[in-house]
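The next block holds one structure in the form of structure tokens; read it before the comments.
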Protein chains: 2
Amino acid sequence: MARRSTPERIVEAAVRLFAAKGFDATTVQEVVEAASVTKGALYHYFGSKDDLLFEIYRSLIGRQMADLDRIIAAGEDAATTVRRIIVSLVETTAESVDETAVFVREMHKLDAERMAAFRAERRRYHETFRAVVEKAQADGTFSARVPADTAVLIALGVVNQLPTWYRPDGPKPPSRLAAEIADFVLAGLRP
Amino acid sequence: MARRSTPERIVEAAVRLFAAKGFDATTVQEVVEAASVTKGALYHYFGSKDDLLFEIYRSLIGRQMADLDRIIAAGEDAATTVRRIIVSLVETTAESVDETAVFVREMHKLDAERMAAFRAERRRYHETFRAVVEKAQADGTFSARVPADTAVLIALGVVNQLPTWYRPDGPKPPSRLAAEIADFVLAGLRP
DNA sequence: CCTCAGGTACCGACCAGTCGGTATGTCCGC
DNA sequence: GCGGACATACCGACTGGTCGGTACCTGAGG
């Protein structure tokens with residue numbers, strides 16, 4: 001039998017198809033065929049096609065928030081913290097390009113309740129990141145040339161855009177890309 | 001009668017709806033109702049729902065390419081040129097948030113032929129922008145800390161991500177936002 | 001009276017989700 | 001150590017509704 005559990009296989013197939021064709025353009029039938037299960041099995045584990053989509057978001061956001069918390073808890077200086085946040089973000093994104101692509105494109109399809117939950121998480125991420133930049137700007141470690149919130153928006157914007165041009169088989173390994181992006185952002189914040 | 005021509009009204013309504021609900025989730029019926037026309041009128045002017053989508057891309061890309069060519073033709077120094085490219089991009093994007101949002105989210109739905117045409121245009125934009133940065137890096141005007149292509153990818157990434165967080169009624173006017181983003185990018189390129 | 005702009009009724013395809021079923025455990029009283 | 005009650009995991013034919021697109025109509029201007 002297959003190594004992965006049935007629900008895992010279903011989510012995997014769904015991510016691949018949603019990333020390639022979009023959520024609406026992918027039929028439940030295609031998902032079950034790609035996962036080698038039946039419709040019955042899918043609806044046994046997931047309440048609806050939307051639930052499947054939400055499951056993808058949940059796991060991605062969960063990983064990113066955990067990384068952020070870990071980095072903040074380490075309590076290093078601002079430049080190191082910012083570098084680590086960006087590197088971690090770029091690397092997770094690179095290894096989950098499909099998830100991120102689906103996420104960025106179809107996020108607005110969440111229903112009101114889930115959208116609220118998602119916004120709260122994103123807000124927390126954003127505020128935490130911004131606080132690091134603001135503190136460093138206040139004590140002169142970073143330049144205040146550009147407001148902290150714009151800097152954060154720029155950094156997060158780059159990462160979310162990554163799935164549109166990043167190719168796993170491209171010339172630059174994710175670690176190299178992560179370092180370059182971090183360098184650029186830090187250069188922008190340098191006094 | 002309405003001021004705008006029928007096809008213009010149709011495209012306008014389509015952009016608004018596609019941006020709000022997504023292309024697939026919007027029915028042709030909703031578009032014609034929002035535009036106060038009938039299905040017959042829509043199919044009189046557009047061959048298919050996809051044609052409508054393509055029309056949105058075409059006009060947006062056309063405007064951006066024209067702006068770029070105009071800026072390059074002015075032949076100013078690298079820093080001014082880069083600033084102008086970013087400002088022009090941010091401002092067009094801000095005044096066409098809906099178009100850009102649709103574009104970023106649904107671009108992958110283009111058929112092979114149109115996708116190829118689009119990629120060629122994007123490539124030209126990218127290469128033109130990169131050439132400016134590379135030249136300035138070669139003569140020492142810009143730092144070569146971060147490769148030119150990464151810098152360009154970052155700059156364009158920020159702009160494409162703009163529709164997800166930019167609000168026309170937000171505290172910062174587009175010109176201010178454009179200036180901040182340009183400042184940040186130029187700071188990242190400063191020797 | 002013919003063409004062009006627009007209107008309207010309708011069709012065929014498709015798709016998310018349902019539902020009645022089976023097969024395989026597993027726990028428990030006796 | 002066995003029968004029966006219940007649960008878990010899955011199957012796949014079917015349906016009710018939806019939607020893009022089409023065929024045909026109308027009315028006005030030249």
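Please read these numbers as outputs of a predicted model, since none were measured by experiment. Labels below follow one simple rule: chain letters A, B, ... track the order of the sequence lines, proteins then strands, and each chain is numbered from 1.
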Protein-nucleotide distance (B:Lys49, atom NZ; D:dC19, atom P), rounded to Å: 9 Å
Under 4.0 angstrom between A:Thr6 side-chain N/O and D:dA9 OP1 or OP2: no
Nearest listed nucleotide, side chain of B:Val37, among C:dA16, D:dG21, C:dG7: C:dG7
Cationic N near anionic O, under 4.0 Å, A:Glu55 to A:Arg58: yes
A:Tyr45 OH to D:dA7 P, straight-line distance once rounded to whole Å: 17 Å
Nearest-nucleotide 5' precedence on DNA chain C, A:Glu30 against A:Gly40: A:Glu30
DNA chain D: 5'-proximal contact among B:Thr26 and A:Lys39 (nearest heavy atom): A:Lys39
Derivation and outcome, side chain to side chain contact (heavy atoms under 4.5 Å, CB included), residues B:Tyr125 and B:Leu89: CA-CA 12 Å; B:Tyr125 196 104; B:Leu89 218 42; 3.2 Å; yes
Atom pair distance, as rounded to whole Å: CG in B:Asp24 and P in D:dT18: 17 Å
Rounded interatomic separation in angstrom, taking CZ from A:Arg9 and C1' from D:dA9: 13 Å
N or O in side chain of A:Thr27 less than 4.0 angstrom from C:dC14 OP1/OP2: no
For atom CD of B:Gln29 and atom C1' of D:dG17, their distance in whole Å: 15 Å
Rounded distance [0.5 Å steps], CD in A:Glu106 versus CD1 in A:Ile56: 9.5 Å
Exercise: do A:Ser96 and A:Arg63 side chains pair donor with acceptor under 3.5 Å: yes
Side chain of A:Thr38 (C-beta onward), nearest among D:dG12, C:dG6, D:dA9: D:dG12
Nucleotide nearest A:His44 (side chain, heavy atoms from C-beta), chosen from C:dG17, C:dG6, D:dA9: D:dA9
Gap between atoms CD1 and P, on A:Ile10 and D:dA9 respectively (whole Å): 12 Å
B:Asp50 CG to D:dC19 P, straight-line distance once rounded to whole Å: 16 Å
Option among B:Phe23, B:Tyr57, B:Phe18 that satisfies the ring-ring contact (aromatic ring centres under 6.0 Å, His included) test with B:Phe103: B:Tyr57
Atom-pair distance (NZ on B:Lys21; C1' on D:dT18), nearest Å: 12 Å
